[in-house]
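We number each residue from 1, following the sequence as shown.
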Amino acid sequence: MPPLPPVHVLSVNLGRATASAHTDAESGMTGIGKRPAAGPVRVFAPGPRGAAASGVEGDDVCDLRHHGGDHQAVYAYAREDLDWWERELGRELPGGTFGENLTTSGVDVTGALLGERWRVGRDLLLEVASARIPCRTFQGALEEKSWVKRYTRAGRPGAYLRVIEEGRVSPGDTIEVVHRPDHEVSVHFWFRAFTTERALLPRTLAAGNAMEPQAHETVRAYMAKYGARGGTPRGAVTADG
């Protein structure tokens with residue numbers, strides 16, 4: 001087998017609906033527990049949030065109120081960040097443990113900018129849309145005490161991606177950053193703004209249409225209350241899921 005490229009998809013992970021005591025989904029099911037698949041796996045734009053699920057074929061999303069849709073079509077997490085968490089938690093974390101569809105190698109997921117585009121393999125084109133905000137389903141699946149707070153404090157959230165050009169993805173596919181916009185709103189910056197440092201929210205508007213409409217609504221509501229400069233330096237946005 002030839003050596004893998006330095007920046008590539010390490011694994012493609014799919015989740016099947018499973019009963020859980022840690023979800024508010026009406027079905028009582030969650031697809032957060034994902035396992036690597038051999039591929040190739042089709043990736044597509046699933047449709048509007050609330051009516052559509054995952055953009056990764058064979059991957060179940062069970063709570064359409066808070067997950068899935070075009071702006072959360074694919075979730076990526078860096079193997080380097082999983083390795084960091086392995087050291088922190090003292091346990092093995094295989095690809096898919098955090099519910100990610102793509103476990104990447106060599107990609108600065110945390111430093112990626114909203115609107116940044118990745119060519120994955122030959123055909124697939126993805127665009128960074130937002131960061132993952134942790135929820136109690138995630139905490140329950142991982143079985144780590146105070147996990148939501150700990151994960152938030154660490155600031156290694158992984159990235160949600162939208163699908164610009166549909167295609168197929170397999171483990172070992174190359175990832176090439178083909179467009180990087182000129183603004184400051186990285187995955188890490190966006191995550192801080194929407195969780196622990198809400199005074200940063202107005203500055204996320206620099207991402208323009210790369211930021212999903214629901215996030216724009218949150219920022220406008222915040223600015224209506226506190227103004228463009230922000231009011232409270234710190235606060236927390238509660239994640240559902």
Side-chain angles (χ1 to χ4, degrees), residues 1-20 23 27 29-47 52-64 67-86 89 91-110 112 116-129 132 137-138 141-143 156-178 187:
M1 180 178 176
L4 290 170
V7 184
H8 66 278
V9 175
L10 195 60
S11 66
V12 182
N13 313 300
L14 308 177
R16 293 300 185 186
T18 305
S20 172
T23 179
S27 65
M29 310 286 278
T30 178
I32 196 171
K34 303 193 189 303
R35 299 291 182 269
V41 176
R42 177 174 169 253
V43 180
F44 57 95
S54 176
V56 183
E57 192 168 64
D59 181 53
D60 290 338
V61 170
C62 302
D63 190 347
L64 301 186
H67 303 290
D70 287 338
H71 301 289
Q72 295 184 2
V74 181
Y75 176 49
Y77 203 80
R79 181 66 249 180
E80 293 83 356
D81 287 332
L82 284 173
D83 291 343
W84 185 87
W85 278 115
E86 283 190 340
L89 300 177
R91 57 185 280 196
E92 186 178 355
L93 299 171
T97 302
F98 280 14
E100 77 274 14
N101 299 115
L102 303 181
T103 308
T104 65
S105 178
V107 181
D108 182 8
V109 177
T110 301
E116 182 173 308
R117 292 188 173 186
W118 302 352
R119 176 67 68 183
V120 181
R122 185 181 62 182
D123 301 319
L124 183 61
L125 184 64
L126 302 175
E127 183 177 88
V128 178
R132 186 256 199 92
T137 303
F138 187 22
L142 209 62
E143 298 181 332
R156 297 168 181 259
Y160 281 121
L161 304 127
R162 61 175 63 87
V163 179
I164 304 301
E165 295 176 8
E166 299 183 2
R168 295 183 180 273
V169 61
S170 298
D173 280 354
T174 57
I175 301 174
E176 180 187 3
V177 178
V178 295
V187 167

How long is the span from the CG atom in Asp81 to the CG atom in Asp108, to the nearest 0.5 Å?
-> 8.5 Å
Measure the OG1-NZ distance between Thr97 and Lys34 for me, rounded to the nearest 0.5 Å.
-> 12.0 Å
Side chain to side chain contact (heavy atoms under 4.5 Å, CB included) partners of Ser170, counting only residues at least two apart = Pro40, Asp173
Could you tell me whether Glu127 and Arg162 have a side-chain N and a carboxylate O separated by less than 4.0 Å?
-> yes
Minimum heavy-atom distance Ala38-Pro171, with the two atoms named | O-CD, 3.2 Å
Quick check: are there more than 12 heavy atoms from other residues, nucleotides or ligands sitting under 6.0 Å from CZ of Arg42?
-> yes
Counting only N and O atoms by type, is there a donor-acceptor contact under 3.5 Å from the side chain of Ser54 to the main-chain atoms of Val56?
-> yes
Kindly indicate whether the side chain of Arg168, heavy atoms from C-beta on, has any atom under 4.5 Å from the side chain of Asp123.
-> no
With a cut-off of under 6.0 Å to the ring centre and 45° to the axis, is Arg156 in cation-pi contact with Trp84?
-> yes
Given the rule in the side-chain contact (heavy atoms from CB on, under 4.5 Å) test, do Glu176 and Val7 qualify, once you have shown the distances and angles that lead to the verdict?
-> CA-CA 7 Å; Glu176 180 187 3; Val7 184; over 6 Å; no
Does the Tyr77 side chain pair with the main chain of Val109, one donor and one acceptor, at a distance under 3.5 Å?
-> no
Rounded to the nearest 0.5 Å, how far does CZ of Arg119 lie from CG of Leu126?
-> 9.0 Å
Can you tell me how far the NE2 atom of His8 sits from the CD1 atom of Ile175, to the nearest 0.5 Å?
-> 8.0 Å
Leu142 vs Phe98, side-chain contact (heavy atoms from CB on, under 4.5 Å): CA-CA, chis, key distance, verdict = CA-CA 8 Å; Leu142 209 62; Phe98 280 14; 3.9 Å; yes
Any side-chain heavy atom of Asp83 sitting closer than 4.5 Å to one from Arg79?
-> yes
So do Leu124 and Trp118 actually touch side chain to side chain, heavy atoms under 4.5 Å?
-> no
Candidates Thr174, Thr104, Leu102 - the one meeting side chain to side chain contact (heavy atoms under 4.5 Å, CB included) with Val9 | Leu102
Side chain Glu80, main chain Gly106, donor-acceptor under 3.5 Å | yes
Among Val43, Val12, Asp59, side chain to side chain contact (heavy atoms under 4.5 Å, CB included) partner for Asn101 | Asp59
Nearest heavy-atom pair of Gly96 and Thr103: which atoms, and what distance?
-> N-OG1, 3.7 Å
How many angstroms lie between atom CZ of Arg35 and atom CG of Leu14, to the nearest 0.5 angstrom?
-> 11.5 Å
Going by heavy atoms in the side chains, are Glu57 and Phe44 under 4.5 Å from each other?
-> yes
Under a 4.0 Å N-O cut-off, is there an ion pair linking Glu165 with Arg122?
-> no
Indicate the atoms forming the closest heavy-atom contact of Leu82 with Pro94, along with that distance.
-> CD1-O, 4.4 Å
Ala45 to Asp70 - nearest heavy-atom pair and separation = C-OD1, 3.5 Å
Give the minimum heavy-atom separation between Arg132 and Tyr75, together with the two atoms involved.
-> NH1-OH, 2.8 Å
What closest approach, in Å, do Val187 and Ala159 show between heavy atoms, and which atom pair accounts for it?
-> CG2-CB, 3.9 Å
